[in-house]
Structure formats: C-alpha cells, structure tokens
Amino acid sequence: MTTIALPRGAALFERNARAHRSHFLIIFSGFFEPLFYLLSMGVGLGHFVGKVPGPNGELISYASFIAPALLATAAMNGAIYDSSSVFWKMKYMKLYDSVLSTPLGPIDVAVGETSWALFRGLLYAIAFLTTVSVLGHVHSAWAVLALPAALLVGFAFAGMGIAGATFMRTWQDFEFLNLVQLPMFLFSATFYPLSVYPGWLQVVVRCTPLYNAISLIRGLMLGVVGWYQLVNVLYLLLFGAIGVRIAERRVGKLLLR
Amino acid sequence: MNAAAELPLVHARGLIKRFDDLVAVDGIDFDVQKGEAFGFLGPNGAGKSSTMRMIGCVSPPSGGTLRVLGLDPVKNGADIRAQLGVVPQEDTLDLELTVRENMLIYGRYFGLGRKVVHERAERLLEFVQLEERLDSKVEPLSGGMKRRLTIARSLINEPDILLLDEPTTGLDPQARHVVWDRLHELKHRGATLLLTTHYMDEAEQLCDRLVVMDKGKIAAEGSPVELIRRYSTREVVELRFAAERPPDDLAARIDGLARRVETLSGRLLLYTDDGDRTAERVHELGVQAQSTLVRRSTLEDVFLHLTGRTLVDE
Ligand SMILES: Nc1ncnc2c1ncn2[C@@H]1O[C@H](COP(=O)(O)OP(=O)(O)O)[C@@H](O)[C@H]1O
Ligand SMILES: [Mg+2]
C-alpha cells in the first residue's frame with residue numbers, strides 16, 4: 001500500500017514546498033527557539049548548575065546535557081506546528097477536498113503531510129546540530145545518527161499531530177495541545193535527569209513520547225548507546241505509524257462521506 | 001463501432017445516498033453516453049451534489065448500482081478519478097498558490113510529468129482567458145475568474161468525463177455567459193459533460209439530455225425540447241398582479257381559456273398553444289391584470305407542472 005502511496009503523496013509535498021517559499025521566517029523560528037534555550041538555560045543557568053551526571057553517570061556540562069533534549073523538542077514542535085496547518089487546510093481551505101477528487105486518497109494525504117513535516121524537522125535538526133557541534137556540545141561520532149533520529153522524532157509527532165488536528169473543531173481546541181506539549185517539554189528529563197523523580201513517576205515519564213525522543217538523541221550525542229535506544233526507536237516508529245493510520249482514517253471519515 | 005464504445009460512461013440503477021436518516025438520493029436510474037452533455041436540473045436540496053459526489057468517487061453510494069467508465073467507484077475509485085475532471089459546487093482552489101501553480105500542482109496530483117503539466121497549464125489558462133493572471137494569487141480573482149480557473153484545472157488530466165456541479169451559481173450574468181461560452185466550446189470538441197443546475201436557462205442552453213430531480217428522485221427525463229413538449233404547452237400567458245394573491249374568482253372566470261392554469265404568488269400562468277389568442281380572450285373578459293406577458297414555455301414550466309413548485313425559491 002505504501003509503495004503506491006509514497007510517490008503520490010510526494011505531489012502534496014511539492015505543493016507544500018511551493019506554498020512555503022515565502023514563509024522562511026517560520027522555518028527560522030524553529031531553529032532559533034532551541035538555540036535561545038541553549039544559550040539562556042545551558043550557558044546562562046549552566047554557570048550556576050555546574051556539571052551534571054550524564055546517562056552513564058559521567059559528569060558533563062549542563063549545556064551538553066540539555067542540548068540533545070532541545071533538539072528532540074525542536075523536532076517535536078516543528079512536526080506539531082505543521083500538523084496544525086493541516087487543520088486549516090482541511091477546515092477552511094478545503095485543500096483535501098480537491099486533492100481527494102484526484103487519484104490521491106486519504107493515505108496519500110496522511111503520508112504527504114507527514115513527509116513534509118519531517119522535512120521541516122530535518123532542516124531544524126541540521127541547523128541546530130551544526131550549531132551545537134560548533135559550540136562544542138557534541139561528544140561522539142554517534143552524533144551523526146542524531147540527524148536520522150531527529151527525523152524519526154519528527155515522524156512520531158507528525159503522524160500523531162496530524163491525527164490530532166483532524167479532531168480539532170475550532171482553533172480554541174489547540175489550547176489542549178499546548179496543555180500536553182508544554183508539560184511534556186518541561187518534565188521529560190529535558191532539564192534534569194530522570195533520577196530526581198520518585199520511582200513511580202519515573203515509569204510515567206518513561207512512557208511519554210518526548211522522553212523516548214530525548215533518551216534516544218541524548219544517547220547518540222553523548223555517545224552512550226545501548227539496547228535502550230533500540231526501545232526508543234521502536235516506540236517512536238510505532239507511535240508515528242499509529243498516528244499516520246489514524247490520520248488516514250479520519251481524513252477518509254470526514255471528507256469521503 | 002465496437003461494443004465497448006456503446007457502453008454508457010456513467011450507468012446508475014436504483015442509486016441511493018443516505019446521510020443517517022436523511023435520504024438525499026432515492027433510487028435513481030440514468031445512463032450517460034459518450035459525447036453527451038447530460039444535466040441534473042433541480043432545486044436546492046434535490047440531491048444533485050450528492051449524486052455528483054458519488055460519480056466523482058468521493059462519496060460511497062448507500063445502495064443501488066453505479067458504474068463509471070465501466071468501473072465500480074468503491075473498488076476502483078482512484079482509477080476512475082484519474083479519468084475525471086471535477087468542478088465542485090464550491091471552489092476548492094489552493095489559496096496559497098498562484099493561478100499557474102494551481103494548475104501545475106493539480107496536474108502533479110495526477111502523476112503527470114512537469115513538462116506535460118507546464119504545457120497544458122499554459123494552453124488551458126489561455127482557453128479560459130486567464131493568461132494575463134498567471135502569476136496572480138487566487139484570492140483577488142473575481143468569482144467568474146475563479147470558476148474559470150477551476151474549469152481549466154479540471155481539464156489538466158484531459159478527462160473522459162467532466163463533472164460540473166452548478167458551474168455558474170453565484171456569478172453575475174456577464175460572467176455566466178463567459179463560462180457558458182467555454183462549456184459550449186468543450187461540447188463542440190466532443191467532451192462528455194455532466195452538469196447540475198437550478199437554472200432552467202442553463203439547462204436549456206447546455207444540455208442535450210437532462211433529468212428533472214426533486215427530493216432525491218428523478219421526475220422526468222428527456223431533451224429540453226422533448227420535456228417541454230411532453231409536460232407543458234407551446235406558450236404561456238403570464239398575468240401579473242400587484243397583490244400577493246390574484247382575485248379569488250379569477251381562476252373560475254378564465255377556466256376554459258387555457259389547457260392548464262397555475263397560481264403562484266402574484267401571478268397566474270395560463271398554459272396554451274396560442275398565447276396571443278388566449279391573452280386576447282382574457283382581455284375580453286375584462287380581467288384587470290397589472291401586466292400580461294406572452295412567452296415560450298421553458299423548463300421552469302416543466303418543473304412547475306411536475307412538482308407544483310418553482311425551481312428557484314420565490
Ligand atoms: N454531508 C452531508 N451530511 C448530511 N446531509 C447532507 C450532506 N450532504 C448533503 N446532505 C443533505 O442531502 C440533501 C441533498 O443535498 P444535495 O445533494 O447537496 O442537494 P443539491 O445539490 O441538489 O442542492 C439535502 O437535504 C442536504 O442537506
Ligand atoms: Mg448542490
């Protein structure tokens with residue numbers, strides 16, 4: 001199914017690329033946000049925090065600790081930002097009504113939009129990763145894999161984000177999204193290690209998608225890689241695939257009636 | 001001619017569309033032949049768009065048989081859509097793209113190569129007289145231009161069938177005539193057109209054959225001329241009155257002057273074969289109408305006869 005879907009969804013990717021040619025600012029903001037966090041928290045606050053224990057207990061600078069988490073969060077935010085545009089395209093612009101009157105089907109819409117969100121996420125990730133390596137926060141050759149990892153994180157959240165956008169009734173409903181996104185950003189072992197939580201809370205946090213994203217990218221950037229990263233990868237793949245599937249169903253249910 | 005060429009391009013038997021409890025299309029039968037301009041004439045809510053959406057494979061039928069290009073829309077939706085051109089009731093142009101890009105990207109949805117799409121876009125935009133707005137965004141275009149762009153866009157894949165859902169609703173008279181002119185041109189080139197409308201003049205102008213639709217059912221089928229001959233008289237005398245209702249005794253007084261009399265708000269329609277003669281006799285009776293008009297019968301009269309209502313809400 002996906003083998004046919006991929007080339008067809010590509011036309012939608014092309015459409016998005018054309019539509020965004022004049023909106024480069026949005027793309028840049030996705031790069032500057034994590035950079036500002038890195039400079040203010042990592043460098044500024046890090047001055048007072050000093051060294052913190054990394055994944056294998058070794059002491060590292062605070063900026064090096066949060067840089068991977070900021071990359072993961074940027075990939076998440078980029079993907080979710082794009083999925084909110086799906087809401088607009090579906091409800092107000094009726095874009096998919098015209099797309100679905102061509103040979104493309106709901107799966108092509110889901111795949112096309114997801115791949116666009118991924119591409120945006122990839123741009124953020126390349127820019128951010130280059131910057132942090134220049135600033136000296138990359139500690140291992142494994143960090144090269146942080147790029148595909150960021151892409152995977154984008155996939156996980158894009159699929160789910162697009163699925164979520166199809167459930168939104170008004171723009172106000174997006175407040176709920178913030179209500180999920182912000183706490184996840186603050187509490188998923190982004191700014192401090194998981195060990196500060198009591199045991200039961202650690203289990204809860206380990207189940208969130210952003211924790212898995214951060215764990216994967218942090219492991220790669222700090223060169224502490226083990227089987228646990230494989231669990232992260234599987235989690236994110238599954239999470240994204242379920243999202244794409246839900247998005248396909250919802251687009252079909254809403255527009256092909 | 002081989003047998004395949006005679007198969008109808010669209011074939012429906014007992015076709016039904018339900019939305020929960022509401023029956024939008026209630027068991028309709030029709031066939032559309034290659035090269036025909038076939039119309040669905042009916043008022044708002046008759047089920048025209050629901051029918052078009054089923055043919056366009058974006059709405060699964062709730063019952064009955066539907067074949068488009070010999071294929072089943074449920075199983076072969078994508079294959080059928082690849083051969084259709086669709087002008088939906090509401091424009092669905094891409095507001096984030098320019099006129100030209102709307103054409104290019106839409107062509108890409110059909111998997112056409114860039115070169116082909118560029119060449120066709122140029123030609124088609126010229127055909128709908130938009131060659132001067134190539135790089136304009138869609139938003140500032142007038143309603144008529146948007147409609148023409150939608151028509152050009154629907155032709156990008158060189159479709160076997162063109163589906164036009166109310167192609168000129170909401171346009172001013174001049175813009176309508178430009179659209180009609182383009183559709184006539186397509187007809188001359190042998191295109192197969194399926195169109196819906198609630199304008200009887202549009203149906204008369206464009207359709208070789210049409211069905212009159214009301215409340216999800218087909219009330220009659222035929223060419224415009226046939227329908228008028230079958231369901232109306234040659235001419236109509238319209239008596240207009242200032243008051244909402246014509247005088248009560250009037251219908252009785254003019255009884256016998258016409259084959260059939262219809263009473264509408266503020267006017268009386270007398271169906272007759274000789275309009276001038278009937279108008280004269282009405283005058284001789286001393287009927288005080290505000291104005292008297294003798295005209296040819298139209299599809300509006302056919303609809304009125306079949307349903308007892310007017311096509312466009314008065
Ligand atoms: N998506 C839908 N959901 C529920 N009811 C619908 C939907 N589309 C059309 N209808 C109903 O079906 C009936 C026929 O509508 P439609 O096919 O749009 O008629 P027309 O195009 O002739 O005006 C109307 O009563 C309309 O309200
Ligand atoms: Mg309609």
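Throughout, a chain's letter reflects where its sequence line sits, starting with A, and its residues are numbered from 1.
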Structural part of B/Leu97 lying under 4.5 Å from a heavy atom of chain A: side chain
Interatomic distance, B/Ile105 atom CD1 to A/Ser98 atom OG [nearest 0.5 angstrom]: 11.0 Å
Would you say CZ of A/Arg249 has more than 12 non-hydrogen atoms from neighbouring residues, nucleotides or ligands within 6.0 angstrom? no
Please identify which of these residues, A/Arg18, A/Arg15, A/Lys89, meets the side-chain hydrogen bond (donor to acceptor under 3.5 Å, both in side chains) condition with B/Glu96. A/Arg15
Counting only heavy atoms not in B/Lys217 (residues, nucleotides, ligands), do more than 12 fall under 6.0 Å from its NZ? no
Flag the pair A/Leu12 / B/Tyr109 as yes when at least one side-chain heavy-atom distance between them is below 4.5 Å, and no otherwise. yes
Closest approach of A/Pro103 to B/Arg81 (non-hydrogen atoms, all atoms of both residues): O-NH2, 3.3 Å
Drop me the distance from A/Leu100's CG to B/Thr92's OG1, to the nearest 0.5 angstrom. 10.5 Å
Residue B/Glu122 excluded, over 12 heavy atoms near CD under 6.0 Å: no
Tell me if the CZ atom of B/Phe19 is crowded by more than 12 foreign heavy atoms within 6.0 Å. yes
Around atom CZ of A/Arg169, are there more than 12 heavy atoms of other residues, nucleotides or ligands at under 6.0 Å? no
Measuring heavy-atom distances to chain A, does B/Leu84 have an atom under 4.5 Å in its side chain, in its backbone, in both, or in neither? neither
A/Arg257 vs B/Lys17 side-chain heavy atoms within contact, under 4.5 Å: no
Got B/Asp94 and A/Leu95 here, is their nearest side-chain heavy-atom distance under 4.5 Å? yes
Quick check on B/Lys215: does its NZ atom have over 12 non-hydrogen neighbours (other residues, nucleotides or ligands) under 6.0 Å away? no
If you count every heavy atom of other residues, nucleotides or ligands that lies below 6.0 Å from B/Glu90 atom CD, does the total exceed 12? no
How many angstroms lie between atom OG1 of A/Thr102 and atom CZ of B/Arg153, to the nearest 0.5 angstrom? 9.5 Å
Relative to chain A, which segment of B/Val86 carries a heavy atom at a distance below 4.5 Å: side chain, backbone, both, or neither? side chain
